[in-house]
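Before any comments, here is the structure.
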Amino acid sequence: MTHVVKPNVYLVSRPAVDWEQIAALLNDENVPPIPESIRAGGDESAAIVEISARLCYMSFGRGRKYIEDFVENLLTKGDGSVFEHVNYGFVITGVSRSLTHELVRHRAGFAFSQRSQRFVDESEGLYVMPPAIAREAGTGSHVESIFENALKKATDSYSELVSALEESLPEEMFDSKWDRRKAVRQAARSVLPNATETKIFVTANVRAWRHFIEMRGAAYADWEIRQLALMILEILNRETPLLFGDFEVESLPDGTQIAAPKYRKV
Ligand SMILES: Cc1cc2nc3c(=O)[nH]c(=O)nc-3n(C[C@H](O)[C@H](O)[C@H](O)COP(=O)(O)OP(=O)(O)OC[C@H]3O[C@@H](n4cnc5c(N)ncnc54)[C@H](O)[C@@H]3O)c2cc1C
């Protein structure tokens with residue numbers, strides 16, 4: 001049985017500004033050029049937020065001089081809609097089906113593409129060990145063996161069901177061998193546990209990511225998704241500290257970490 005204990009998080013898409021087009025806009029509108037109008041400079045994510053917010057009041061070249069004050073004012077006032085222009089996409093692997101079931105509950109501003117258990121063979125038996133069980137592993141505790149035995153039974157049952165259905169489902173019921181294989185796998189997957197490893201491509205805007213990290217980085221969230229929320233926060237904070245720098249990470253006595261924003265639910 002193969003186990004994964006930590007997600008792999010790949011940042012695969014990030015926003016980009018077409019500075020020539022922005023310069024043309026500022027020129028056409030007879031407002032000061034970059035950088036007097038757009039103070040976020042090289043931080044493309046903060047620049048997108050700034051451009052969209054300044055467009056509302058046509059305040060290019062006016063108002064707050066420092067981008068830090070500008071963004072903080074938006075966060076303080078809860079002017080969250082301008083954060084929706086900035087999208088980041090992650091491919092996440094090494095997470096459980098129970099984690100992704102929680103992840104896909106986040107609706108506003110999210111897009112998901114997940115590995116299909118109907119199309120893809122699951123007999124490889126790759127599972128995610130929950131952090132609480134991973135802590136016990138190697139200590140001689142019988143927690144690990146209970147987990148192992150349950151997964152072994154599930155993997156065996158999955159393979160047995162695939163073989164039995166491949167023999168029994170009549171070929172004439174299906175238009176193609178692909179449809180038949182899908183019917184076999186979609187039935188056999190019913191015995192797979194929540195711990196089954198999965199892969200998911202998730203894109204969301206900054207407003208949505210902030211909400212996700214606030215909800216899933218909190219102490220009452222499941223340890224596995226909390227770990228993922230903190231990994232995503234670390235990456236996004238590196239990418240654009242102005243848009244995520246107000247989150248504070250704290251270590252708990254149980255060895256896990258939580259994250260909370262200064263500005264809640266913008
Ligand atoms: C610790 C924890 C425990 C949980 N336990 C359970 C549980 O036992 N059972 C369960 O079913 N779920 C549970 N959830 C999931 C939770 O109820 C939410 O479905 C999930 O956190 C997504 O939150 P959200 O709806 O705010 O996010 P999103 O869907 O991303 O929405 C973001 C915000 O947009 C607004 N919004 C989105 N859609 C609508 C809409 N249709 N109408 C009006 N406003 C909208 C809301 O303000 C919402 O907060 C739990 C979540 C957490 C963090």
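When a ligand or atom number is given, it counts from 1 through the structure's own listing order.
Closest to atom 31 (O) of ligand 1 among all protein heavy atoms lies Ala108 CB, 4.0 Å. The nearest protein atom to atom 50 (C) of ligand 1, hydrogens excluded, is given as Arg216 NH1, 4.1 Å; this is a heavy-atom distance.
For atom 48 (C) of ligand 1, the nearest protein heavy atom lies under 4.0 Å away. When distances from atom 3 (C) of ligand 1 to the protein are checked, no heavy atom turns up under 4.0 Å. The nearest protein heavy atom to atom 15 (C) of ligand 1 is closer than 4.0 Å. Put simply, atom 52 (C) of ligand 1 has protein non-hydrogen atoms near it, under 4.0 Å away. For atom 35 (C) of ligand 1, no protein heavy-atom neighbour is present inside the 4.0 Å cut-off. The presence of a protein heavy atom under 4.0 Å from atom 8 (O) of ligand 1 is ruled out. In this structure, atom 20 (C) of ligand 1 has a protein heavy-atom contact shorter than 4.0 Å. In this structure, atom 44 (N) of ligand 1 is not in close contact with the protein, since no protein heavy atom lies within 4.0 Å of it.
Listed by number with element, the atoms of ligand 1 under 4.0 angstrom from any heavy atom of Tyr220 are 1 (C). Close contacts between ligand 1 and Met215 involve ligand atoms 21 (O), 53 (C) [criterion: under 4.0 Å to a heavy atom]. Each of the atoms 10 (C), 11 (O), 12 (N), 19 (O), 22 (C), 29 (O) of ligand 1 lies under 4.0 Å from some heavy atom of Arg105.
For Lys265, every heavy-atom contact with ligand 1 shorter than 4.0 Å involves the side chain, none the backbone.
Defined by atom type and a distance below 3.5 Å, a donor-acceptor pair is present between the side-chain atoms of Thr256 and Arg226. Using modelled atom types and a 3.5 Å distance limit, the side chains of Thr139 and Ser141 yield no donor-acceptor pair. A side-chain donor from one of Glu224 and Ser96 sits under 3.5 Å from a side-chain acceptor of the other. Side-chain atoms of Asn8 and Thr93 include a donor-acceptor pair closer than 3.5 Å.
Note: Trp178 and Phe119 fail the aromatic proximity criterion, with ring centroids not under 6.0 Å apart. Between His106 and Phe212, the ring centre distance stays below 6.0 Å.
Separating the CD1 atom in Ile213 from the CZ atom in Phe244 is a distance of 5.0 Å, to the nearest 0.5 Å. Going from atom CD of Glu29 over to atom CG of Leu55 covers 8.0 Å, rounded to the nearest 0.5 Å. Distance CD/Glu239 to CD1/Ile232: 12.5 Å, rounded to 0.5 Å.
Nearest-heavy-atom check against atom 26 (O) of ligand 1 across His211, Glu214, Arg207 picks out His211. When His106, His101, Arg107 are checked for heavy-atom proximity to atom 39 (C) of ligand 1, Arg107 turns out nearest.
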### Task
Evaluate the ring pair (Phe, Tyr, Trp, His ring centres under 6.0 Å) criterion for residues Tyr88 and Phe90: first the C-alpha distance (whole Å), next the side-chain angles of each, then the deciding distance (0.1 Å), finally the verdict.
CA-CA 7 Å; Tyr88 285 95; Phe90 293 93; 7.1 Å; no

